[in-house]
Every structure is written in structure tokens, then in C-alpha cells.
Participant: 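Starting off with a structure, shown below.
All figures in this text were calculated on a predicted structure; none of them were measured in a lab. Counting convention: from 1, in listed order, for ligands and their atoms alike.
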Amino acid sequence: MKDIITLAIESSCDETSAAVLKNGREVLANIVATQIDLHKKFGGVVPEVASRKHVENIDAVIQTALDEADIKFDDIDLIGVTYGPGLVGALLVGLSTAKALSFALNKPLVGVNHIEGHICANFIEDKNLEPPFICLIVSGGHTHLVEVKDYGEYEILGRTRDDAAGEAFDKIARALKLGYPGGPIIDKLAKIGNKNAIDFPRVYLDEDSFDFSFSGLKSAVLNYLNSKRMRNEDVVVEDIAASFQEAVVEVLVNKSIKAAKVKGYNKIVLAGGVAANSGLREKLIQKCSENNITVKYPSIELCTDNAAMIGCAAYYDYIKGKISNLTLNAVPNLKLGQK
Ligand code: KG4
Ligand code: ZN
């Protein structure tokens, strides 16, 4: 059978990325131009600045991916692109480029949900991984507990009711004046801090709910900081980082294990930027082994935003005949499972 070559484009937030994949799971190139340094001085992503930088970067990023994969435009079978969720201006850069290429080259276009892309990063990481499984998707914009029934078939069991897990990491890091993005910095500090130093709240919501809430924890950390400052007392940043991370991780892990048990699965898969967190990985591995559950997670490069994961999701849609047309628009608040 002829190999299927996917060109994938991702520009939903602050990474301009293009990838080339063979048969959906083999990455021939995955180029990521990150804008983190540009947004750092503002303490977060500035949407308009992100869009402009995507426009500057996108052509070169695509050309570099094709060159690295040793692929010409003619060799491409489909073009996969993120069309939501994300920042509308940023999404439109990747989407318009993909539509132009699809039209000019006469190749099919496949619009991909960014969250679905994060799940699919695991299919690239582990070539033998097959659905069904429970997936915990934790990123800067999303916290979802999902039953992955088949390729492209999802049931959302729970989601955050307020802040996403990554957002909580970023906000706490900002309050501690640690810089952006906060997740990796807190992760690093947590390694040398005492996770039992401060008893921050674990918010489980209702007994049967798989939803999450991190705003109460965020307020608790901010209140702790304010009261220390008001009394002119020193704080141990490493202990705050470790105690905060532990409170987030404990809830994420316990809810994931419960979802696997309730739904009768013995496999949990991690996805999204926060899946890079070493405390989360460690605790999930430990709790899963106690419960005879297998754990899978992508390598760090595949956890954070990249086009390879989008290409994998596009491939599975393509072989099922799910093709988009050129009227496809960016959908900033696109939900998982919604086409
Ligand atoms: O998936 P991603 O690259 O972008 C979104 O789709 O949102 O995730 C970015 C998020 C940021 O909030 C960042 O702080 C967080 O992932 N993150 C981490 C770590 N690495 C990235 N959070 C905790 N620990 C990490 N090691
Ligand atoms: Zn993402």
C-alpha cells in the first residue's frame, strides 16, 4: 500500500509549528518555532503579538519541515491544520495557510481539534498504543478527563469548571514573580521544596464528579502569600511550589484512577503541556502501579504544542473520510468531539 504523507500546521497559541508524517504515526519532521521569549516580558501570551509572529514565521517553518523530511509539495496526500480551540487571530494564520495550500495544490484539507491533537501525541510516542483508554489532558487552556473509545471517538467525563491546570501553574508562578511559563519553573523548584510544608486545599467537588476546580487552590496560595507579606515574614518559594504542585497533582491523579476504575479501563494516558510535569508523572506511575493500571505519556517535546500531534489526528480523520472543505473557519472555543 502507498504511504500516506501528511503535512500538518499548528498555530493556536504561541508556537508556530509544521510537521510531516508518514502513515500518521511516523514523524519525518516536526519544526516548532516558539514565541515564549517574545511573550515573557508581558507575563503571558499577547494575542495580537502572537498572530503577527505566526505570519512572520509560518512560511519558513513549513519549508523547513518539508526540507527536513525531504518531501516536496507534490508528495503530500493531505494537509492537517488546527482550527480550534485557541486564539482566533493565531488560529487564522495557520488555517489560512493550510487552506491556500490545499487549494493551490489540490490536496484535501483536514481541520483538527487541538485537544484531540494532544491525545494523539501518544500514538506517535507509542506505536502500539490503541484505544480504548482514559486520557487526562492537562494544558494551559484545558483540563479534561476523557474516555477515548476509538480513534476520533471521545466522551468527556469531566473538565475544569474554572482555571485549567496549566493556567493555575502560570498564575501562581506570576504571583511568585517567577516568570512565564510558570509550569516548568514550579516543577523545577518543587523538586527541592517540601511538598508537605503547607497544607493547600484539594478540591474534589461532588463525590461522583470528574470535574476539576483550581480557582480555590489558587486563592489559597495567594492568601497565604498576602498574609505572609503583611506580617513581613519570609516565604520559602520552593516549599510553596512543592506544596501547590502536590495539591494539583493529587487531585488529577486520584480522579484519573477513579475514572479508570468506574469505567472499567486498565490504561491511563497523559496529554498536554502539564503532562511534562515530573511530579504528575511520578505520582501517576506510582498510583497506577498500585492499582494494576498501565500509564502512557508522551516525551516532553510531544507534550507541549507541536504540529506532529495535529498531523496524527488529521491522518485518522482522513482514513475515515472525514475531510473539511475550504469554508472551514477558526473556532476559538471548539469543544472536543464537536466537528
Ligand atoms: O499544551 P500546551 O503547550 O499549550 C496549551 O495547549 O495550552 O501547555 C502549556 C502549559 C503552560 O500552562 C505551562 O505552564 C504548562 O503547560 N507546563 C507545565 C510544565 N511544562 C509546561 N506545567 C507543569 N509542569 C511542567 N513541567
Ligand atoms: Zn496545547
Participant: Counting non-hydrogen protein atoms only, what is the nearest one to atom 22 (N) of ligand 1? Give residue, atom name and distance.
Facilitator: Gly183 CA, 3.2 Å
Participant: So, Lys127 side chain and Ile124 main chain: donor-acceptor pair closer than 3.5 Å or not?
Facilitator: yes
Participant: Using a 3.5 Å cut-off on N or O atoms only, is Gly166 in polar contact with ligand 1?
Facilitator: yes
Participant: With a heavy-atom distance limit of 4.0 Å, tell me whether Asn277 approaches ligand 1 through its side chain, its backbone, both, or neither.
Facilitator: both
Participant: Which of the atoms in ligand 1, numbered in the order shown and given with their element, are less than 4.0 Å from a heavy-atom of Gly141?
Facilitator: 7 (O)
Participant: Does this structure show an ion pair linking Lys40 with Asp37, if we count only N-O contacts that are shorter than 4.0 Å?
Facilitator: yes
Participant: Counting N and O atoms only, with roles assigned by atom type, does the side chain of Ser17 sit under 3.5 Å from a partner on the main chain of Ala307, one being a donor and the other an acceptor?
Facilitator: yes
Participant: Keeping the roles fixed (side chain from Lys22, backbone from Asp3), state whether a donor-acceptor pair exists under 3.5 Å.
Facilitator: no
Participant: Look at atom 26 (N) of ligand 1 and say which protein heavy atom is nearest, naming residue and atom and giving the distance to 0.1 Å.
Facilitator: Asp187 OD2, 2.9 Å
Participant: Counting the benzene-type ring for Trp, do Phe212 and Tyr204 have ring centres under 6.0 Å apart?
Facilitator: no
Participant: Strictly below 4.0 Å, N to O, side chains only: are Glu155 and Lys149 in salt-bridge contact?
Facilitator: yes
Participant: What atoms of ligand 1 come within less than 4.0 Å of a heavy atom belonging to Ala276?
Facilitator: 20 (N), 26 (N)
Participant: Starting from the Zn ion (ligand 2), look over the N/O/S atoms of Asp305 and name the nearest one.
Facilitator: OD1
Participant: Can you report which non-hydrogen protein atom sits closest to atom 15 (C) of ligand 1, along with the distance?
Facilitator: Val274 CG2, 3.9 Å
Participant: At a 4.0 Å cut-off, with the gap strictly under it, does some heavy atom of Cys13 reach an atom of ligand 1?
Facilitator: no
Participant: Verify the distance test for His142 against the Zn ion (ligand 2): any N/O/S atom under 2.8 Å, yes or no.
Facilitator: no
Participant: So does Lys191 pair up with Glu238, basic N to acidic O under 4.0 Å?
Facilitator: no
Participant: Could you check atom 6 (O) of ligand 1 against the protein and tell me its nearest heavy-atom contact, residue, atom and distance included?
Facilitator: His114 NE2, 3.1 Å
Participant: Among all protein heavy atoms in this structure, tell me which lies nearest to atom 2 (P) of ligand 1, with the distance rounded to 0.1 Å.
Facilitator: Asp305 OD1, 3.4 Å
Participant: Please report which non-hydrogen protein atom sits nearest to atom 10 (C) of ligand 1, along with the residue it belongs to and the distance in Å to one decimal place.
Facilitator: Gly140 N, 3.4 Å
Participant: Would you say His142 touches ligand 1, if touching means a heavy atom closer than 4.0 Å?
Facilitator: no
Participant: Between Asn113 and Lys335, is there a donor-acceptor pair closer than 3.5 Å when you use the side chain of the first and the backbone of the second?
Facilitator: yes
Participant: Would you please determine whether His118 falls within less than 4.0 Å of ligand 1 on a heavy-atom basis?
Facilitator: yes
Participant: Answer yes or no for Cys13: is there an N/O/S atom below the 2.8 Å cut-off from the Zn ion (ligand 2)?
Facilitator: no
Participant: Measure the spacing between OG of Ser215 and NZ of Lys171 and express it to the nearest 0.5 Å.
Facilitator: 8.5 Å
Participant: At less than 4.0 angstrom from any non-hydrogen atom of Thr304, what atoms of ligand 1 do you find?
Facilitator: 3 (O)
Participant: Counting the benzene-type ring for Trp, do Phe42 and Tyr180 have ring centres under 6.0 Å apart?
Facilitator: no
Participant: Please work out, at 4.0 Å between heavy atoms, whether the side chain, the backbone, both, or neither of Asp170 comes within that distance of ligand 1.
Facilitator: side chain
Participant: Using a strict cut-off of less than 4.0 Å between a Lys/Arg side-chain nitrogen and an Asp/Glu carboxylate oxygen, indicate whether Lys218 and Asp163 qualify as a salt bridge.
Facilitator: yes
Participant: So, the side chain of Thr143 versus the backbone of Ala165: is there a donor-acceptor pair under 3.5 Å, distance only?
Facilitator: yes
Participant: Specify the protein heavy atom at minimum distance from atom 17 (N) of ligand 1: its residue, its atom name, and the distance to 0.1 Å.
Facilitator: Gly273 O, 3.6 Å
